[in-house]
Protein chains: 2
Amino acid sequence: MVDKTSGVPAFRQVAADLRGRIEAGEYAPGTKLPSERELVEAYGVSRPTIRDAVNVLRSEGLVTAEHGRGVFVRPPAMIQRLSRSRLSRAARERDQGAFLADAAAKGFTASSSVKVRFESADDRVAETLAVDVGTEVTVRDRVMRANGLIVQLAVSRLRREFTRGTAVEEVDTGPGGTYARLEEAGYAIGHFVEHVGARMPSPEEASALQIDQGVPVVTVTRVAYGEDGTPLEMNDMVLPADRYELSYEWPAE
Amino acid sequence: MVDKTSGVPAFRQVAADLRGRIEAGEYAPGTKLPSERELVEAYGVSRPTIRDAVNVLRSEGLVTAEHGRGVFVRPPAMIQRLSRSRLSRAARERDQGAFLADAAAKGFTASSSVKVRFESADDRVAETLAVDVGTEVTVRDRVMRANGLIVQLAVSRLRREFTRGTAVEEVDTGPGGTYARLEEAGYAIGHFVEHVGARMPSPEEASALQIDQGVPVVTVTRVAYGEDGTPLEMNDMVLPADRYELSYEWPAE
DNA sequence: CAGTGGTCTAGACCACGGT
DNA sequence: CCGTGGTCTAGACCACTGA
């Protein structure tokens with residue numbers, strides 16, 4: 001029952017009470033909450049109010065609603081750990097393997113499909129690749145799947161002049177991938193920089209990645225620089241935040 | 001006006017239309033959307049339906065509602081770039097300076113307050129610090145402000161046996177901070193690892209960090225290891241995702 | 001004070017899932 | 001088929017903002 005004299009909105013009181021019961025383990029991960037009509041009885045408020053309360057918990061990522069079934073406490077997702085600062089040449093030999101081999105080891109059927117296109121650099125691309133706006137860039141649009149489920153989106157961009165006549169403009173870049181082809185073309189990688197942020201997904205991303213309400217995406221922009229400091233490639237990645245954790249490591253000195 | 005025959009829910013049609021106008025620049029960042037009552041007229045649906053539509057945009061982080069004033073297109077926040085892999089001894093001399101000096105350079109009045117307490121390690125802490133569950137740990141709870149606004153929460157934990165009798169157990173750790181005191185006590189830092197993720201804030205975090213609906217938090221757990229690989233300190237940081245970007249850099253080889 | 005968003009009700013009908 | 005969540009209405013009153 002809610003306290004109408006407290007000044008706290010009814011739907012927040014209900015949300016707080018349910019949240020408390022979830023955190024206390026009364027509703028364990030994976031279990032179903034009482035139906036909305038039952039909650040109407042229990043708390044003595046109308047259904048829209050109950051729905052407001054449940055929506056609070058949904059946007060906090062605590063529960064998910066399944067049409068026709070009920071509202072369930074969201075179990076913690078299987079987290080994929082991505083170790084960075086491991087893109088050494090040796091590791092790169094195994095190529096995209098990072099993703100594919102990793103998944104294979106876990107018994108997943110992983111796949112990845114690529115579309116190649118060309119476009120002209122907008123402000124952001126021009127700035128990161130240190131070119132003029134409008135410069136032609138090669139774009140590799142990549143969708144990664146595990147068990148048929150899309151788990152990661154990646155868009156890689158390079159100045160067209162670095163890729164012309166190489167397999168980087170093909171769907172299959174060959175052994176060693178993009179970085180190996182760049183190196184063959186005389187552009188060896190000097191260092192990497194990754195910019196990491198997070199935000200709520202766009203509707204397109206949410207449906208592509210099958211993200212439900214209350215789960216943000218982690219955005220990673222990796223820039224590969226040549227040995228002379230020229231930016232060679234930028235890679236924009238979008239990951240569902242509930243399925244990934246990124247790890248970075250560096251020496252203290 | 002909404003199309004009731006399309007099968008797409010009315011509130012989603014309204015949300016999509018408003019989103020399109022925002023992205024097209026018809027409603028520029030910072031400007032006010034038409035009032036809910038005006039939207040009721042414009043789209044020919046009831047107010048709760050309009051509110052559902054606006055709520056979609058709110059949880060996407062596109063707009064913010066201000067009671068008594070209106071709904072506004074959220075302007076991009078001033079982004080603070082945090083460069084990692086820069087915790088070298090030289091840089092550490094400047095101490096917490098990273099945060100304080102940075103803010104000062106931007107004309108902020110920055111401050112940071114610390115509470116010290118002791119607790120026993122739970123599962124997660126025990127695992128990261130490689131100790132038994134229940135081991136006594138020193139906890140430094142830190143709140144960082146810029147212009148009076150809380151911008152970052154950080155909780156640092158160390159095995160009590162490493163800090164006993166040192167200034168690490170004081171509010172003011174002295175010049176060079178925690179790491180300098182650890183080093184004096186014979187525990188030099190060998191390397192750092194950071195684990196980065198994102199999620200929606202808890203209600204407490206949301207109000208402390210003054211985050212509004214639709215903005216996730218970035219979580220960073222930094223672990224400092226000794227030269228022999230012993231974990232010395234773990235630092236859990238929580239940052240509003242719309243105000244921070246993390247950058248990591250490493251050589252290709 | 002008028003205009004804004006915030007909360008809430010008491011219904012109604014629809015779409016989906018599982019029996 | 002029944003129970004579930006999903007959508008929607010037509011109001012009502014409150015709390016906040018700014019002129």
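Residue numbering restarts at 1 for every chain, and letters A, B, ... go by the order of the sequence lines.
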Whole-Å gap separating [atom2] ([N]) and [atom1] ([X]):
| X | N | atom1 | atom2 | value |
| --- | --- | --- | --- | --- |
| B:F72 | C:dG3 | CZ | C1' | 12 Å |
| A:N55 | D:dC8 | CG | P | 14 Å |
| B:E66 | C:dG6 | CD | P | 10 Å |
| A:F11 | C:dC8 | CZ | P | 6 Å |
| B:L39 | D:dT9 | CG | P | 14 Å |
| B:Y43 | D:dC8 | OH | P | 14 Å |
| B:R12 | D:dC8 | CZ | P | 9 Å |
| B:E41 | D:dT9 | CD | C1' | 15 Å |

Touch class at under 4.0 angstrom, heavy-atom based, for B:V54 against every strand present: nothing
Just N and O in the side chain of [X]: are any of them under 4.0 Å from OP1 or OP2 of [N]?
| X | N | answer |
| --- | --- | --- |
| B:T49 | D:dT7 | no |
| A:K4 | C:dT9 | yes |
| A:S35 | D:dT4 | yes |

Quick check: do [X] and [Y] have side-chain heavy atoms less than 4.5 Å from each other?
| X | Y | result |
| --- | --- | --- |
| A:F11 | A:P48 | no |
| B:E119 | B:V137 | yes |
| B:L39 | B:V14 | no |
| B:T221 | B:N235 | no |
| B:I211 | B:E205 | no |
| A:T49 | A:Y43 | no |

Residue closer to the 5' end of DNA chain C, B:P34 versus A:P9 (nearest nucleotide): B:P34
5′-ward residue of the pair B:R58/A:I50 relative to DNA chain C: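 The residue whose closest nucleotide sits nearer the 5' end is B:R58.
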B:Q213 versus A:S59, side-chain donor and acceptor atoms under 3.5 Å: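 No, because no side-chain N or O of A:S59 sits under 3.5 Å from a partner of the opposite role on B:Q213.
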Nucleotides 11-19 of chain C: protein proximity per nucleotide (B base, S sugar-phosphate only, - neither; heavy atom, under 4.0 Å): -B--BBSS-
